[in-house]
Amino acid sequence: MDLSLIIMQLLSGIALGAVLVITALGLTIVFGMLGVVNFAHGALFMIGAYAGLYLASLTGSFWWGLLLAPILIGVFGMLIEFVLIRRLYGRSIDDPLLLTFGLSYILVEGVRIVFGSDGIPFPTPPQLVGVLDLGIGFFPRYRLFVIALVAVVLLVLWLTLEKTRVGLIVRAGARDPTIMQVLGVDIGRVWLAIFGLGVGLAALGGVLAGPMRSVNPEMGSLVLAEAFVVTVIGGLGSIVGAVVAGLMVGVSISMVALFAPEMAAIVMFALMAVVLLIRPQGLFGVRGRTA
């Protein structure tokens with residue numbers, strides 16, 4: 001088999017993995033820092049795609065949709081946390097899971113009522129249409145952009161969480177909220193910001209995925225399954241794990257699709273099973289921590 005074809009398929013897997021990384025990252029941040037399993041994450045991914053498409057159509061620019069949709073949906077996520085999730089802190093982990101499970105159905109059905117069930121094309125921005133000659137083959141410009149943007153977002157997020165006072169407060173609040181409250185930190189605002197960030201990342205994933213697939217009310221269901229698989233493989237609550245596992249899953253799906261297309265849909269579940277048999281807490285998870 002042609003080496004250039006294998007390399008192009010590998011890049012396709014990295015592009016797919018980049019979308020999975022940014023989506024799963026929102027899920028794992030919320031769980032790791034709040035202990036909340038957000039089952040509405042896939043629905044919020046889908047709403048992000050619709051919001052990006054609507055804003056791009058309204059402004060005539062994909063870039064405004066890419067910028068504004070994650071912010072607006074992130075604010076919507078903060079509203080969800082403040083009105084619904086906050087009342088369930090300190091209770092069984094099943095309570096927010098069931099609440100967000102029901103919320104996901106409400107969001108999906110609401111979108112279906114407003115926009116219908118048919119898929120809507122999400123046009124690729126004119127600046128990123130076509131392919132780029134990499135010397136060993138031609139690769140879509142848009143997918144290269146997705147890889148680059150996700151890398152930048154990851155770098156900014158890491159620097160914020162690890163190198164700033166805000167990041168220190170967020171990490172300390174996740175570990176011991178009582179102490180932070182004693183020190184005068186409004187832990188409620190910290191939790192609000194974390195949940196909004198997680199939802200905003202889901203929306204960003206939806207906007208980025210839009211031009212690579214049609215936008216439809218059901219698009220979040222598969223992504224939710226993929227995001228949970230990535231989160232479990234990487235380790236519940238581990239940011240590094242979400243990044244590594246997302247790329248592993250994306251590349252695995254892409255490469256298996258090249259050699260055995262009929263196996264592509266199940267390879268991520270097989271990978272998850274292998275990881276859990278060898279390391280039940282996930283690649284970067286903490287032993288004893290479960291969902």
Side-chain angles (χ1 to χ4, degrees), residues 16-46 48 70 73-74 77-78 80-81 85 89 93-94 96-97 100-101 104 150-151 153-162 166-167 170-175 177 190-206 208-209 220-252 268-269 271-272 275-276 279-291:
L16 171 61
V19 175
L20 292 179
V21 165
I22 208 69
T23 306
L25 197 59
L27 190 67
T28 202
I29 283 175
V30 169
F31 177 79
M33 298 185 177
L34 302 184
V36 172
V37 180
N38 181 13
F39 220 90
H41 201 71
L44 293 164
F45 170 95
M46 175 269 297
I73 303 306
M78 294 170 73
I80 292 173
E81 192 277 343
I85 304 296
Y89 291 142
I93 197 171
D94 295 334
L97 188 152
T100 53
F101 180 77
S104 68
V150 169
V153 170
L154 291 176
L155 178 60
V156 171
L157 186 61
W158 179 80
L159 289 174
T160 301
L161 290 177
E162 297 293 333
V166 172
V170 168
R171 288 182 284 114
R175 293 177 183 177
V190 175
W191 288 338
L192 188 69
I194 291 172
F195 198 87
L197 173 63
V199 170
L201 289 172
L204 177 60
L208 291 176
S221 300
L222 176 60
V223 167
L224 178 64
E226 293 171 340
F228 268 113
V229 168
V230 168
T231 301
V232 170
I233 291 175
L236 294 170
S238 171
I239 294 176
V240 174
V243 175
V244 174
L247 293 176
M248 283 178 57
V249 169
V251 170
S252 298
M268 64 176 178
F269 299 105
L271 182 62
M272 179 178 68
V275 169
L276 290 179
R279 188 174 170 82
Q281 70 269 37
L283 297 176
F284 295 88
V286 178
R287 185 176 293 275
R289 182 167 197 177
T290 62

For residues 25-45, please give each side-chain donor-acceptor pair under 3.5 Å, one per line with the distance, not counting sequence neighbours.
from, atom 1, to, atom 2, distance (Å)
T28, OG1, G237, N, 3.0
T28, OG1, S238, N, 3.4
N38, OD1, A40, N, 3.0
H41, NE2, T23, O, 2.7
H41, NE2, L27, N, 3.4

Let me check something: any side-chain donor-acceptor pairs from residues 223-232 under 3.5 Å, sequence neighbours excluded? List them with distances.
from, atom 1, to, atom 2, distance (Å)
T231, OG1, A227, O, 2.8

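Between atom CD of residue E81 and atom CH2 of residue W191 there is a gap of 8.5 Å, rounded to the nearest 0.5 Å. Interatomic distance, CG of L271 versus CD1 of I233, reported as 4.0 Å (0.5 Å rounding).
Counting all heavy atoms, side chain and backbone alike, L97 lies closest to T100 at O-OG1, 3.1 Å. Counting all heavy atoms, side chain and backbone alike, A209 lies closest to V19 at CB-CG1, 4.0 Å. When all heavy atoms of A203 and P70 are compared, the closest pair comes out as CB-CA, 3.8 Å.
Listed by chain and number, the residues in a side-chain contact (heavy atoms from CB on, under 4.5 Å) with S221 are E218 (sequence neighbours excluded). Under the side-chain contact (heavy atoms from CB on, under 4.5 Å) criterion, V251 pairs with L10, I14, M255, sequence neighbours left out.
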**Request:** Please lay out, stage by stage, how V150 and L208 fare under the test side chain to side chain contact (heavy atoms under 4.5 Å, CB included).
**Result:** CA-CA 9 Å; V150 169; L208 291 176; 4.0 Å; yes

**Request:** Quick one: do I80 and V199 satisfy side chain to side chain contact (heavy atoms under 4.5 Å, CB included)? Show the steps, please.
**Result:** CA-CA 10 Å; I80 292 173; V199 170; 5.8 Å; no

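The closest side-chain heavy-atom distance from L197 to L157 is below 4.5 Å.
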